[in-house]
Amino acid sequence: MLKRLNRFTSIRILGNPDIRNPKEDDVELYNPSDVIMDWPQDKKKPFVGLTRDINENPHWTKYRRFLNKNNFPFEIYEYHRSDWLERAREYDLLIWSPNSGPAELDEIKRKIYILEKKLGKKCFPDYETLLLCDDKVTSTYMLKLNGLPVADTFISNDYREIESMKDNLSYPLVSKRFHGASSREVSLLRDSKRLSGFSKRVFSFYGKKTSNAYFRQKNYVYFQKFIDGDRLDTRVNIAGNIITGYFRKSKGKDFRASGSGIVIKEDLPVEALEVAIETYRSIGKAMLGVDMMRDANGRYWIIEISPFIGVKTPIQMKVNDIPGSYFLLNDGILEFRRESYWPQELALKVFLEQNYLYTLDKWKSIFLDPGLSRGRLVKRFTI
């Protein structure tokens, strides 16, 4: 808390530059299981340029652990510098850790596009994955495109359409900004009058203020149906055939569960796991976090997805108070084991498999399709 206050004073009041150093953390804390890759002996490993992030719970230290454990050659790649393009030519693969916030993502998107599309470099995440990072609008379009059970969502950049539709929408509505985590810029609009006032601010000359002092919500709305169920946000994280997850509960009368700080690490219903795994297969990226809400009829609806998962600990699931993970087996069994992983390491392993060892379709046919083709999944516990 004191560090955050000092930073606020330094940047917001004294006007000092917002300069932060990459974080280090204890990646061996909680004894995470090793993610070891079966790499063919006759195949050369790519030379990796590893970027460092400044997140409070850093990604790059987990990537470094994976690279060291699997003997991949790598160097730290300083991508903010003016010579970033010349340095990038030295590497076969560049690993990035997108930070939350439009300024950081804007820089990374621009550079990854040039590296992939113009220089032919491989990047993790790739440009298409990056478009889903911290972008609820693009993510929702992708969910709808794939016919997945996304919560009823109204997105428009047309003020006249919004005004004409406001009396036909079902209230209350959850309004969200296209980026932002922990329920920032998430509010409840209870009637058409409040919606109209909200839209006027968004479509005003300056737009609507947000938690980013340099960024405003301008000329779009994102309204999602309020799901009045058990007030639990169900999060399922998937990388490869390894699945974890937990519940988040809203605090007091607040309807927002994400960011409340109330996390319940218990076993998850098979129905939620099935929706999440099918979503992961359809989106086709290395890792995916799927946030869902259950309605009064017991059906799960997707409210958000994220291809990048930031965690404080590798222990993301507990069954009967025992930490571990589910493994999707070829016979349709979800087997729970006493194994906990850093999700960043799992995601990097999957990315390397999908981009160096198999095609995406071949990878799905090996790791996902056999288990999903059996119909309803069944749990098994080896604890």
Side-chain angles (χ1 to χ4, degrees), residues 132 134-204 207-211 217-236 247-260 262 269 271-272 274-276 278-279 282-283 289-306:
L132 300 176
D134 205 17
D135 190 330
K136 297 177 182 65
V137 172
T138 302
S139 297
T140 300
Y141 291 151
M142 288 297 293
L143 291 169
K144 289 184 176 182
L145 190 64
N146 284 279
L148 295 162
V150 60
D152 189 20
T153 306
F154 176 80
I155 306 169
S156 180
N157 299 82
D158 188 327
Y159 178 74
R160 293 184 181 87
E161 180 195 20
I162 298 164
E163 281 294 293
S164 67
M165 289 285 293
K166 66 182 181 182
D167 292 323
N168 299 322
L169 298 174
S170 298
Y171 295 90
L173 289 170
V174 179
S175 172
K176 300 180 180 181
R177 189 181 64 173
F178 84 87
H179 66 85
S182 300
S183 293
R184 289 191 292 269
E185 268 68 60
V186 175
S187 57
L188 201 63
L189 302 177
R190 298 189 178 277
D191 52 49
S192 61
K193 183 178 180 180
R194 288 180 174 86
L195 184 149
S196 187
F198 179 90
S199 298
K200 285 180 180 178
R201 292 196 300 275
V202 168
F203 282 85
S204 66
K208 183 181 179 296
K209 288 183 179 180
T210 69
S211 58
Q217 181 174 348
K218 184 78 169 72
N219 288 7
Y220 75 92
V221 296
Y222 182 105
F223 300 143
Q224 199 166 72
K225 179 181 179 181
F226 177 72
I227 299 174
D228 190 10
D230 52 15
R231 298 186 69 201
L232 287 176
D233 182 339
T234 303
R235 159 58 73 97
V236 180
F247 300 102
R248 289 179 293 205
K249 186 177 181 180
S250 56
K251 185 182 295 184
K253 295 182 179 180
D254 195 341
F255 73 98
R256 298 168 298 184
S258 176
S260 70
I262 304 175
E271 295 83 358
E274 288 176 333
V275 169
E278 185 56 47
T279 302
S282 297
I283 298 300
V290 184
D291 290 339
M292 293 169 281
M293 296 288 290
R294 185 172 63 180
D295 66 18
N297 296 317
R299 185 176 179 185
Y300 283 89
W301 296 93
I302 303 168
I303 55 173
E304 291 182 22
I305 60 172
S306 174

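Computed from a predicted model, the values in this text were never measured in an experiment. In this chain, numbering begins with 1 at the start of the sequence shown. Just so you know, these numbers use all the heavy atoms, side chains as well, and skip hydrogens, waters and symmetry mates.
- Side chain of S139 to backbone of K136: no donor-acceptor contact under 3.5 angstrom is found.
- Contact check for M165 versus S156: no side-chain heavy atoms found under the 4.5 Å cut-off.
- Under a 4.0 Å N-O distance rule, the pair E304/K176 qualifies as a salt bridge.
- Salt-bridge formation is detected for the pair E163/K166: a Lys NZ or Arg NE/NH1/NH2 atom is positioned less than 4.0 Å from an Asp or Glu carboxylate oxygen.
- Taking the charged nitrogens against the carboxylate oxygens, D233 and R248 do have a contact shorter than 4.0 Å, which makes a salt bridge.
- The side-chain heavy atoms of Y300 and E274, taken from C-beta on, include no pair separated by under 4.5 Å.
- A donor-acceptor distance shorter than 3.5 angstrom exists from the side chain of S282 to the backbone of E278, with no hydrogens or angles considered.
- A donor-acceptor pair under 3.5 Å is formed between the side chain of Y220 and the backbone N or O of F178.
- Between the side chain of S164 and the main chain of E161, a donor-acceptor pair closer than 3.5 Å is present.
- Counting heavy-atom neighbours within 6.0 Å of K144 NZ, excluding the residue itself, gives a total above 12.
- R190 has its side chain out of reach of F226: every pair of non-hydrogen atoms, C-beta onward, lies at least 4.5 Å apart.
- Evaluation of the side-chain contact (heavy atoms from CB on, under 4.5 Å) rule for T279 yields L143, L148, V275, I283, L288, V290, I302, I305 as partners, not counting sequence neighbours.
- Rounding to the nearest 0.5 Å gives a distance of 11.0 Å between OG of S187 and CZ of R194.
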